Protein chains: 2
Amino acid sequence: MHATLRDPEPPLTRSVEDYLKAIYHLSSQGGFAATSDIAALLEVAPPSVSGMVKRLSETGLIEHVPYRGVQLTAQGRRAALRMIRRHRVLEVYLSQQLGYDWDGVHTEAERLEHAVSDELIERMAKALGDPQYDPHGAPIPTAAGEIEEAELVPLADAPIGAVIEVRQVADEDAARLRYLAEQGLTPGTLLTVTERQPFNGPTIAKLRPSGEARVVGQELARSLWCRVVTP
Amino acid sequence: MHATLRDPEPPLTRSVEDYLKAIYHLSSQGGFAATSDIAALLEVAPPSVSGMVKRLSETGLIEHVPYRGVQLTAQGRRAALRMIRRHRVLEVYLSQQLGYDWDGVHTEAERLEHAVSDELIERMAKALGDPQYDPHGAPIPTAAGEIEEAELVPLADAPIGAVIEVRQVADEDAARLRYLAEQGLTPGTLLTVTERQPFNGPTIAKLRPSGEARVVGQELARSLWCRVVTP
DNA sequence: TCAAGTGATTAGCATATGCTAAGACTGATC
DNA sequence: GATCAGTCTTAGCATATGCTAATCACTTGA
Ligand SMILES: [Mn+2]
Ligand SMILES: [Mn+2]
Ligand SMILES: [Mn+2]
Ligand SMILES: [Mn+2]
């Protein structure tokens, strides 16, 4: 008996979709998403999360271990990846076809992701030539629900002397994105890490090939995800 | 004391926006929108409309005369026209830029209209060269809230012998739109009305310049809005 | 081993939106 | 002018989602 056949499955609400995405992001490093972390990410009060967690586990979208946290079920993960695909395809579309800057697309996509049809997303993806990454370097899941898992390290942890490539940047803070663009720290940029100051100080790196130096504070260096090219 | 200055005005919900559009359409011929007509158009029960009507009049978006119906206030009319602009710009964009057929755009726009930002709508309008009409011939309000008011008659009422131009077609029913496209009855088409059968029978017209005849049943002829070129 | 402290949950409430069933009003008809 | 059919509103309820205040439970340090 497939539940999907017996039950017409009401469409997920906007809230549910955002919770699933949040849980995906928070538990992607393996492990549980904590109530308080979900609350912080979605900017709601912890009891609101507890309430939603109850509903989502009753629906079979998540597993809940009380006082531990939650994890997505296979069904929940599918739903989350579908939303992430929508979000990232929208971001690419807005930036390529409608002239949005990379710091403006996230907010717009955050609302649109809940309103577009699958058909529209696939038309956009096709018009863009099926992009693999969003404007911030994040991989776009396929329509089938597969996603690239790259081994990235924050710039803050990159070994001194290594040549690294900036691959992905956290996209929620528009001001940060504008600053990074100014500094030329965008996905695809190659850097040589030259120095790291103690006591959570900045990482210093040289742009390649120009050799220009960049001093990147701890907080920023935590949000720049890089691939180590040569250690 | 401007309420807009005192009060940050919470954004309208999706439901409210759809009610305002419905009331606009139902009262555009002047007069009141009746509870039952709103209910039918939005596919909700009449008591749901009564409830919403109470909230909307408390907010100052509509005037309610009990047992009579409702009308938009100036503020409500502005909000309604903003939604209609969004809806129609989206329809044009989907059809011109993303290859949608004219029978598919309405449903997609009905959801997207609530999720897009004003900025996105204006970017789309600009990319399209500020279109004046949607794919079904309906006029697009300006960003300032002005809308063309054309004198149109349903094909069902067009005088025999007149030359008329199809200007606008009701867009909610996809099957009807597909049929009309097949028949070549799209905005811009010129027709000579040759005959109308009695007892609410069909209108018969010739396509210009080809001269091909079209027999259009009463129901369909009520949804084809035309401009009389020469009586 | 236990008592604090932190984080999670429950209790109780609010708002927006929908429903059905019951009652109230209006306009047309005799 | 009384009656009735149809329309509209009110009453009462349900669901989804959020909040604050109070309570509970796990972890950790004494
Ligand atoms: Mn979202
Ligand atoms: Mn992104
Ligand atoms: Mn709508
Ligand atoms: Mn239309």
Side-chain angles (χ1 to χ4, degrees), chain A residues 7-23 26-27 31-72 76 79-80 83 110-111 113-115, chain B residues 7-23 26-27 31-72 76 79-80 83 110-111 113-115:
Chain A
D7 226 311
E9 301 238 353
L12 305 179
T13 65
R14 181 189 167 151
S15 280
V16 166
E17 289 174 339
D18 279 336
Y19 272 96
L20 292 176
K21 276 203 313 172
I23 293 165
L26 291 170
S27 59
F32 290 86
T35 299
S36 53
D37 292 343
I38 300 170
L41 194 54
L42 295 178
E43 303 183 88
V44 297
S48 304
V49 176
S50 286
M52 180 63 89
V53 157
K54 179 172 295 172
R55 284 191 292 277
L56 294 181
S57 21
E58 280 162 4
T59 329
L61 290 161
I62 63 175
E63 270 316 312
H64 180 215
V65 183
Y67 291 96
R68 260 295 153 82
V70 299
Q71 277 185 320
L72 295 172
M83 293 313 295
E110 196 58 57
R111 275 173 293 107
E113 62 189 3
H114 311 286
Chain B
D7 225 311
E9 300 239 354
L12 305 179
T13 65
R14 183 191 164 149
S15 279
V16 167
E17 290 174 339
D18 279 337
Y19 273 97
L20 291 176
K21 276 203 313 173
I23 293 165
L26 291 170
S27 59
F32 291 86
T35 299
S36 55
D37 292 343
I38 300 170
L41 194 53
L42 295 178
E43 302 183 89
V44 296
S48 304
V49 175
S50 286
M52 180 62 89
V53 157
K54 180 174 293 172
R55 284 192 292 276
L56 293 181
S57 20
E58 280 161 4
T59 329
L61 289 161
I62 63 175
E63 274 309 317
H64 180 213
V65 182
Y67 292 96
R68 259 298 152 84
V70 299
Q71 275 185 322
L72 296 172
M83 293 313 295
E110 197 56 58
R111 272 173 294 107
E113 62 188 4
H114 311 286

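Numbers restart at 1 for each chain; the letters A, B, ... are given by sequence-line order, proteins then strands. Given the structure is predicted, the values throughout are model-derived calculations rather than measurements. Just so you know, these numbers use all the heavy atoms, side chains as well, and skip hydrogens, waters and symmetry mates.
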Within the pair B:R68 and D:dT9, is there a side-chain N or O less than 4.0 Å away from OP1 or OP2?
no
By side chain to side chain donor-acceptor pair (under 3.5 Å) - contacts of B:E17 (at least two apart):
B:H114
Which residue, A:I62, A:L61, A:V53, A:V44, forms the side-chain contact (heavy atoms from CB on, under 4.5 Å) with A:Y19?
A:V44
Quick check: closest heavy atoms across [X] and [Y], and the distance to 0.1 Å?
| X | Y | answer |
| --- | --- | --- |
| B:S27 | B:F32 | CB-C, 4.4 Å |
| A:S57 | A:H64 | OG-CB, 4.0 Å |
| B:Q71 | B:G31 | NE2-O, 3.3 Å |

Angle of first-five versus last-five pair axes in the helix from C:dT1-D:dA30 to C:dC30-D:dG1, to 10 degrees:
20°
What is the 5' to 3' range of DNA chain C, first to last nucleotide, that sits under 4.0 Å from any heavy atom of chain A?
C:dG7 to C:dT10
For B:S15, report the nucleic acid contact type (base, sugar-phosphate, nothing); a contact means any heavy atom under 4.0 Å.
sugar-phosphate
Remember a base hit wins even if backbone is also touched, and classify A:S36 as base, sugar-phosphate or nothing at under 4.0 Å, heavy atoms.
sugar-phosphate
Are B:E63 and B:R68 close enough for a salt bridge, meaning some N to O gap below 4.0 Å?
no
Please tell me if the side chains of B:R14 and B:R111 come closer than 4.5 Å, counting only heavy atoms from C-beta onward.
yes
Approximate separation, where rounding is to 0.5 Å, of A:I38 CD1 and A:I23 CD1:
4.0 Å
By nearest-nucleotide position on DNA chain D, the 5'-leaning member of B:G69 and A:S48 is B:G69
Residue closer to the 5' end of DNA chain D, B:V65 versus A:M52 (nearest nucleotide)
B:V65
Give the rounded distance in Å between these two atoms: NE2 of B:H64 and C1' of D:dT7.
12 Å
Interatomic distance, B:R55 CZ vs D:dT9 C1' [rounded to whole Å]:
14 Å
